Amino acid sequence: MGDIGKNIRQQRIQKNMTQDDLAARIHATRQTVSNYETGRSRPDVDTLPLLAKALECDVEQLLSGKTRPRPDPQLLRRLIVGLCLL
């Protein structure tokens with residue numbers, strides 16, 4: 001498992017959010033977010049989905065730091081239309 005705190009911080013910065021912004025979105029304090037990011041504490045299983053939603057990523061990305069490639073919407077559309085024509 002990757003460094004969850006580092007991953008949270010990285011996602012937060014990419015979204016141009018402050019610790020206060022993120023804390024408000026997950027109904028926590030700025031100090032709680034700071035503790036997650038510095039590794040003094042870890043989010044519990046109920047908080048991980050809230051963090052992922054607030055940071056517009058998935059829980060797996062917070063845990064591992066790895067991103068999954070997002071499918072190309074045009075390619076998906078072509079595939080679906082092609083399958084419907086069969």
Side-chain angles (χ1 to χ4, degrees):
M1 181 161 35
D3 184 356
I4 297 170
K6 180 177 138 190
N7 299 337
I8 291 170
R9 179 177 166 78
Q10 181 180 22
Q11 289 296 317
R12 179 180 60 77
I13 290 171
Q14 283 180 357
K15 302 293 183 209
N16 294 317
M17 295 171 65
T18 64
Q19 288 181 340
D20 284 319
D21 294 335
L22 181 55
R25 290 185 186 198
I26 65 168
H27 308 289
T29 64
R30 183 208 51 80
Q31 194 167 20
T32 298
V33 172
S34 175
N35 287 340
Y36 293 159
E37 291 184 1
T38 59
R40 284 188 286 258
S41 65
R42 290 178 175 241
D44 61 29
V45 72
D46 294 326
T47 305
L48 281 171
L50 296 174
L51 283 165
K53 183 176 180 181
L55 295 168
E56 299 173 354
C57 65
D58 44 52
V59 172
E60 180 183 335
Q61 191 171 351
L62 290 179
L63 294 174
S64 70
K66 297 177 184 173
T67 59
R68 286 189 285 179
R70 297 200 179 247
D72 178 12
Q74 288 184 345
L75 180 62
L76 284 176
R77 211 173 291 125
R78 288 181 193 156
L79 179 62
I80 291 169
V81 169
L83 289 172
C84 290
L85 295 175
L86 290 178

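Numbering starts at 1 and runs along the sequence shown. All values below were derived from every heavy atom in this structure, side-chain atoms included, with hydrogens, water molecules and symmetry-related copies excluded. Everything quoted here is computed from the prediction, not taken from an experiment.
- Across all their heavy atoms, A52 and L62 have their closest contact at N-CD1, 3.7 Å.
- V59 is connected to L55 through a chain of hydrophobic side-chain contacts under 4.5 Å among Ile, Leu, Val, Met, Phe, Trp and Tyr, so both are in one cluster.
- Residues N16 and D21 approach most closely at O-OD2, 4.4 Å, considering heavy atoms.
- The shortest side-chain heavy-atom distance between L22 and L51 falls under the 4.5 Å cut-off.
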Exercise. Passes side-chain contact (heavy atoms from CB on, under 4.5 Å), I26 versus V33? Steps please.
Worked result: CA-CA 9 Å; I26 65 168; V33 172; 4.3 Å; yes
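- Distance check, rounded to the nearest 0.5 Å: CD1 of I8 to CD of E37 gives 7.0 Å.
- Not counting sequence neighbours, the partners of S34 by the side-chain contact (heavy atoms from CB on, under 4.5 Å) test are Q19, R30, T38, R40.
- Under the rule for a side chain to side chain donor-acceptor pair (under 3.5 Å), the partners of T47 that lie at least two apart in sequence or sit in another chain are D44.
- Separating the NZ atom in K53 from the CG atom in D58 is a distance of 14.5 Å, to the nearest 0.5 Å.
- Taken from CZ in R12 to CZ in R25, the straight-line distance is 12.0 Å, to the nearest 0.5 Å.
- The local environment of CD in Q31 is sparse, with at most 12 non-hydrogen atoms from other residues, nucleotides or ligands closer than 6.0 Å.
- The side-chain contact (heavy atoms from CB on, under 4.5 Å) test applied to Q74 returns D72, R77, R78, not counting sequence neighbours.
- How far CD1 of I4 is from OG of S64: 10.0 Å, rounded to the nearest 0.5 Å.
- Across A54 and M17, no two heavy atoms sit closer than the pair O-SD, 4.0 Å.
- Within 6.0 Å of atom NZ in K6, 12 or fewer heavy atoms from other residues, nucleotides or ligands are found, so the atom counts as exposed in its surroundings.
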